[in-house]
Amino acid sequence: CFCFCGFSFRSMLRVGGKAGCMACRNLVSTNMGVRFLVPLQKLHPLSRAIHHRYSGNANPQRGPHRTAARYFTSMSRLPMRPPKPPPGSGGRNYQQQRNFWVARLAARLLKLRYLFLGTAVGGGYTAKKTYDEWKDMLPDLSEYNWVIPDFVWELSEQIDFDKLAKALPEMEEISKLLPDLDKIGENFTFLKSLLSSGELEKENKELRKVVLQKDDKGIHQRKVKKSLIDLYSEVLDILSDYDANYNTQDHLPRVVVVGDQSAGKTSVLEMIAQARIFPRGSGEMMTRSPVKVTLSEGPHHVAIFKDSGREFDLTKEEDLSALRHEIELRMRKSVKEGQTVSSETISLSVKGPGIQRMVLVDLPGVISTVTTGMASDTKETIFSISKAYMQNPNAIILCIQDGSVDAERSIVTDLVSQMDPQGKRTIFVLTKVDLAEKNLASPSRIQQIVEGKLFPMKALGYFAVVTGKGSTGESIESIKDYEEDFFQSSRLLRDGMLKAHQVTTKNLSLAVSDCFWKMVRESVEQQADVFKASRFNLETEWKNNYPRLRELDRNELYEKAKNEILDEVISLSQVTPQHWEAILQKKLWERVSTHVIENIYLPAAQTMDSGTFNTTVDIKLKQWTDKQLPHKALEVAWETLQEEFARFMAEYKGKDQDDIFDKLKEAVKDESIKRHKWNERAMDSLRVIQHNALEDRSITDKPQWDAAIQFMEETLQSRLKDTESVIRDMVGPDWKERWLNWKNRTADQHIRNETKNELDRLLKLHDDHTAYLANDEVTTVRKNLEGRGVEVDPVLIKDTWHQLYRRHFLQKALAHCNLCKRGFYYYQRHFVDSELECNDVVLFWRIQRMLVITANTLRQQLTNNEVRRMEKNVKEVLEDFGEDTEKKTQLITGRRVQLAEDLKKVREIQEKLEAFIEALHKEK
């Protein structure tokens with residue numbers, strides 16, 4: 001049967017040929033789903049899902065390029081509810097289904113208006129235009145022969161077109177109804193240029209941007225709310241920070257992107273996000289920690305970190321560079337010393353027109369070998385991180401395989417197979433298909449991969465994508481154009497090895513988004529119930545164990561402890577000056593008394609006259625002041641400040657203080673002391689003050705003299721008591737203790753006791769003996785002891801003599817001190833015409849006065865400067881600890897703290913989930 005343009009209906013329906021009737025083209029395009037030359041990404045998902053995946057080719061003579069029936073997978077745009085099968089259709093085969101379609105199509109073709117209009121358009125146009133002019137105005141669809149289903153070519157076998165042609169009216173009657181076909185030709189020419197240039201997609205994108213901007217500015221006077229994906233992302237952020245030790249596992253869906261190193265994971269993610277946002281390297285590991293990317297639609301193409309307010313404009317190269325640099329810095333910061341990768345998640349949101357809503361997590365690439373510079377456990381750590389994300393039963397696994405390398409070299413497919421053996425939540429993506437087609441001798445190998453026949457791994461769907469030519473400077477738009485051009489000219493698609501719905505990152509993005517939201521709708525309410533049950537268990541435990549305490553989490557407890565510590569530090573300023581000076585004077589004397597007695601007083605007392613005594617004292621005091629005394633004084637002051645601070649904290653502890661703060665307070669005290677440095681200039685001024693105090697010898701009144709006598713007497717008595725205790729330990733118990741307490745002397749004590757008795761006799765004979773024994777005296781003592789059967793070493797004799805002479809000297813000094821109680825009168829006369837010499841009393845007065853003046857100086861330094869500096873240090877330490885989450889976790893511990901932390905997190909998660917579910921139901 002022929003139409004007026006001179007072609008048979010069968011020829012007209014071959015729109016891939018070089019000629020065809022316009023009416024037939026309209027007829028086919030209206031009813032058969034035939035498309036013009038449009039980019040592959042623009043194929044509507046529903047138009048890509050015409051036939052069942054098990055349909056066959058009824059005409060074996062036609063090549064595979066004529067087959068347009070796509071395999072149906074769950075990657076299609078999923079309907080809100082599954083379609084209901086017609087009654088009684090369970091046992092029908094595909095031939096019955098195809099006959100059903102043919103019958104419906106024939107019924108539509110029999111409608112007179114289609115044939116009438118088609119014949120009219122064809123005949124009228126033949127009268128006005130030649131075949132060559134018409135052909136030039138139409139898009140060239142020869143490359144899309146394979147798009148037309150087989151049943152179109154088989155229409156001639158099912159329909160008698162001769163009878164249909166006879167039923168047509170005469171051409172003269174129809175020509176009167178024809179429109180102006182010159183304008184139609186002009187419209188076709190414009191349509192051809194519009195489709196080939198991609199202007200429709202750009203205009204559509206700009207229109208969506210304008211609509212989103214108007215909505216964003218509140219033109220609809222609607223309250224601004226967070227988007228659905230933002231609500232969901234907040235829940236995942238909280239869960240990523242939550243230490244789930246108490247039966248609260250995170251099983252919420254997200255898309256987990258895994259693949260071998262340098263397989264193109266990051267590039268695929270960038271194509272989905274429509275921006276080059278990740279750091280790039282040539283063969284080296286760039287993804288060092290998981291990166292959670294929340295994708296959503298928005299009027300402006302921007303990115304923002306979870307913990308930052310800065311927006312990065314992804315349309316500007318300088319912002320893109322800054323974003324990549326910031327991501328790299330955060331990754332390196334998250335990696336601990338000695339490690340190569342980190343499990344710490346970096347959270348990022350990307351918004352822009354036309355971006356599919358979903359949450360993806362980009363994981364470090366799986367490696368087979370640890371190279372130089374990596375930690376030895378890097379391979380195991382990456383496996384552990386990947387498994388932790390993939391073992392979530394609701395996680396969608398986006399498995400990335402490099403198509404340019406041998407499939408046998410892949411590691412990730414085995415890992416994915418272990419985590420999802422049935423492939424119920426895995427999507428396989430083959431990258432670098434352009435290189436694979438170029439390098440592979442057998443393209444059918446690519447077909448085996450995307451059909452899931454080469455790997456034992458199963459998947460929901462298989463995709464093939466191209467993510468550029470390998471240059472880091474390529475833009476997303478140039479990559480899209482290159483990908484589209486490649487697949488339009490690729491024989492993989494032309495020969496039917498790949499299906500249209502399996503290629504391009506656009507189709508991949510749509511499929512992944514559909515799977516993501518389907519998984520979310522199926523699992524989110526169940527997860528909300530899990531957290532609700534966890535909250536009930538935690539609240540019950542708190543009520544039973546801590547019924548009278550508020551639920552304060554770690555941060556709230558830290559603030560409470562911080563206030564207590566600051567109150568305790570302020571209490572230091574309330575210490576009275578008298579208290580400070582008394583403590584300082586006592587501690588300073590305890591620190592220097594041994595030096596004064598052993599190195600100054602005793603050597604000077606061995607002199608023969610008062611002049612030599614005073615000279616010796618002056619020299620030794622000067623040396624002491626220049627080298628040791630100021631430093632010792634500052635040490636005493638600093639220790640006193642620490643002890644007072646600790647005392648106030650201990651006293652405050654008795655006032656309803658929580659024991660949970662003990663570790664924190666101790667750490668704050670130690671760190672504050674460590675940071676505190678005494679003003680070094682204070683040492684120089686203190687040295688001058690002490691030197692002047694020790695130079696003064698003028699005792700102005702009798703009370704000062706008596707005070708010096710008392711100070712000297714107390715000091716000598718304390719030393720005498722210590723000396724007698726040392727001697728008693730040397731010689732052992734006396735006869736009374738031996739008889740009453742049944743104690744015996746050791747052999748060494750027996751020798752020392754015999755030596756002591758011999759030396760006591762020597763002291764009685766020479767009361768004014770010097771501090772040291774002569775060698776002949778040592779020999780005499782040793783021989784006397786040997787005569788009584790006691791073998792003794794000369795060193796033991798000298799050591800025993802030192803303690804005995806010390807006791808003898810202190811006893812004489814105390815007796816002299818009693819005589820000097822009435823010596824103030826002689827002192828005023830400079831001991832002229834007097835046998836009494838009390839220069840030792842003057843020495844102790846000088847020491848005592850130095851102690852008083854030093855204590856007063858140190859007290860002023862403490863109250864005016866150091867206490868305030870201590871308060872400042874404590875505040876700084878508290879601020880630093882407050883910003884260090886790990887430090888707070890170490891210092892504020894216990895089941896009570898962990899329980900409060902879990903309660904807070906679970907409540908927050910539950911509330912966020914309920915808000916998300918409510919918004920999800922509204923969107924439905």
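In what follows, residues are counted from 1 in the order of the sequence shown. In this text, all values refer to a predicted model and were calculated from it rather than measured experimentally.
Figure legend: cation-pi geometry between Arg330 and Phe305, with NZ or CZ positioned under 6.0 Å from the six-membered ring centre and within 45° of its axis.
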- Could you walk me through whether Thr889 and Arg554 pass the side-chain contact (heavy atoms from CB on, under 4.5 Å) test, one step at a time? CA-CA 8 Å; Thr889 304; Arg554 185 171 280 107; 4.1 Å; yes

- Task: Go through the steps for Val291 and Met331 under the test side-chain contact (heavy atoms from CB on, under 4.5 Å), then give the verdict.
- Result: CA-CA 9 Å; Val291 181; Met331 284 183 181; 3.4 Å; yes

- Query: Is there a side-chain contact (heavy atoms from CB on, under 4.5 Å) between Asp402 and Ser262 once you walk through the steps?
  - Reply: CA-CA 8 Å; Asp402 188 348; Ser262 301; 5.9 Å; no

- Task: For Lys336 and Glu344, run salt bridge (Lys or Arg N to Asp or Glu O under 4.0 Å): C-alpha distance rounded to whole Å, both residues' side-chain angles, the deciding distance at 0.1 Å, then the answer.
- Result: CA-CA 10 Å; Lys336 296 180 179 178; Glu344 183 178 333; over 6 Å; no

- Step by step, would you call Ile277 with Arg324 a side-chain contact (heavy atoms from CB on, under 4.5 Å)? CA-CA 6 Å; Ile277 59 177; Arg324 290 191 289 264; 5.5 Å; no

- Please test Lys888 against Asp553 for salt bridge (Lys or Arg N to Asp or Glu O under 4.0 Å), starting from the C-alpha separation and ending with a verdict. CA-CA 11 Å; Lys888 287 191 290 187; Asp553 61 23; over 6 Å; no

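Taking CD1 of Ile892 as the start and CG of Asn555 as the end, the distance is 8.0 Å to the nearest 0.5 Å. Here the CD-CE distance, from Gln418 to Met390, works out to 8.5 Å after rounding to the nearest 0.5 Å. Taken from CZ in Arg425 to CG in Leu460, the straight-line distance is 10.0 Å, to the nearest 0.5 Å. A distance of 15.0 Å separates CZ of Arg254 from CG of Leu398, quoted to the nearest 0.5 Å. For the atom pair NZ of Lys904 and CG of Leu552, the computed distance is 10.5 Å after rounding to the nearest 0.5 Å. Going from atom CG of Leu920 over to atom CG of Leu913 covers 11.0 Å, rounded to the nearest 0.5 Å.
Tyr389 and Thr345 share a donor-acceptor pair across their side chains, judged by distance under 3.5 Å alone. Judged by distance alone, the side chains of Glu525 and His921 do bring a donor and an acceptor atom under 3.5 Å apart. Looking at Glu559 and Asn563, their side chains never bring a donor and an acceptor atom within 3.5 Å of each other. A donor-acceptor pair shorter than 3.5 Å cannot be found between the side chains of Asn537 and Thr540. Residues Lys292 and Thr294 bring a donor and an acceptor atom of their side chains to less than 3.5 Å of each other. For Ser289 and Ser342, the side-chain atoms include no donor-acceptor pair closer than 3.5 Å.
With Trp542 contributing its side chain and Tyr546 its backbone, the two residues share a donor-acceptor pair below 3.5 Å. Side-chain N or O atoms of Ser523 include one that pairs as donor or acceptor with a backbone N or O of Met519 at under 3.5 Å. Listed for the Arg276 side chain is no donor-acceptor partner under 3.5 Å among the backbone atoms of Leu314. No donor-acceptor distance shorter than 3.5 angstrom exists from the side chain of Arg310 to the backbone of Ile304, with no hydrogens or angles considered. The backbone N or O of Thr505 sits nowhere less than 3.5 Å from a side-chain atom of Ser509 that would complete a donor-acceptor pair. Side chain of Ser233 to backbone of Ile229: no donor-acceptor contact under 3.5 angstrom is found. Judged purely by atom type and a 3.5 angstrom limit, Asn507 uses its side chain to pair as donor or acceptor with the backbone of Val503. The backbone N or O of Gln401 lies less than 3.5 Å from a partner atom in the side chain of Thr431, making a donor-acceptor pair. With hydrogens and angles disregarded, a donor-acceptor distance shorter than 3.5 Å links the side chain of Ser513 to the backbone of Arg357. No donor-acceptor pair under 3.5 Å is formed between the side chain of Gln890 and the backbone N or O of Lys887.
For the pair Glu539 and Arg535, the salt-bridge criterion is met [side-chain N within less than 4.0 Å of a carboxylate O]. Salt-bridge formation is detected for the pair Glu328/Arg332: a Lys NZ or Arg NE/NH1/NH2 atom is positioned less than 4.0 Å from an Asp or Glu carboxylate oxygen. A salt bridge links Lys922 and Glu918; the closest N-O separation between the charged side-chain nitrogens and carboxylate oxygens is under 4.0 Å. Salt-bridge annotation for Glu564 and Lys665: present, with a side-chain N of the basic residue lying under 4.0 Å from a carboxylate O of the acidic one. Contact check on Glu879 versus Lys562 returns a salt bridge, with a Lys/Arg side-chain nitrogen under 4.0 Å from an Asp/Glu carboxylate oxygen. Classification of Lys543 and Glu551 as a salt-bridged pair fails, no side-chain N sitting under 4.0 Å from a carboxylate O.
Of all non-hydrogen atoms in Ala528 and Ile917, the two that sit nearest each other are CB-CD1, 3.7 Å. Across all non-hydrogen atoms, the minimal contact from Val359 to Phe516 is N-CZ, 3.8 Å. Summarising the geometry of Val897 relative to Thr893, their closest heavy-atom pair is CG2-O, 3.5 Å, with the distance given to 0.1 Å. Gln274 and His301 make their closest contact through O-CE1, 2.8 Å (heavy atoms, listed as atom of the first residue, atom of the second, distance). The nearest pair of heavy atoms linking Ala263 to Ile400 is O-CG2, 3.8 Å. For the pair Ile385 and Val341, the tightest heavy-atom approach, listed with the atom from each and the gap, is CD1-CG2, 4.4 Å.
Phe428 and Tyr462 have tilted rings, their planes meeting at an angle from 30° to 60° on a 0 to 90° scale.
Here the side chains of Ile397 and Ile427 are not in contact, with every heavy-atom distance at 4.5 Å or above.
For Glu886, the CD atom counts as loosely surrounded, since its 6.0 Å shell holds 12 or fewer non-hydrogen atoms of other residues, nucleotides or ligands. Counting heavy atoms of neighbouring residues, nucleotides and ligands inside a 6.0 Å radius, atom CZ of Phe536 does not exceed 12 of them.
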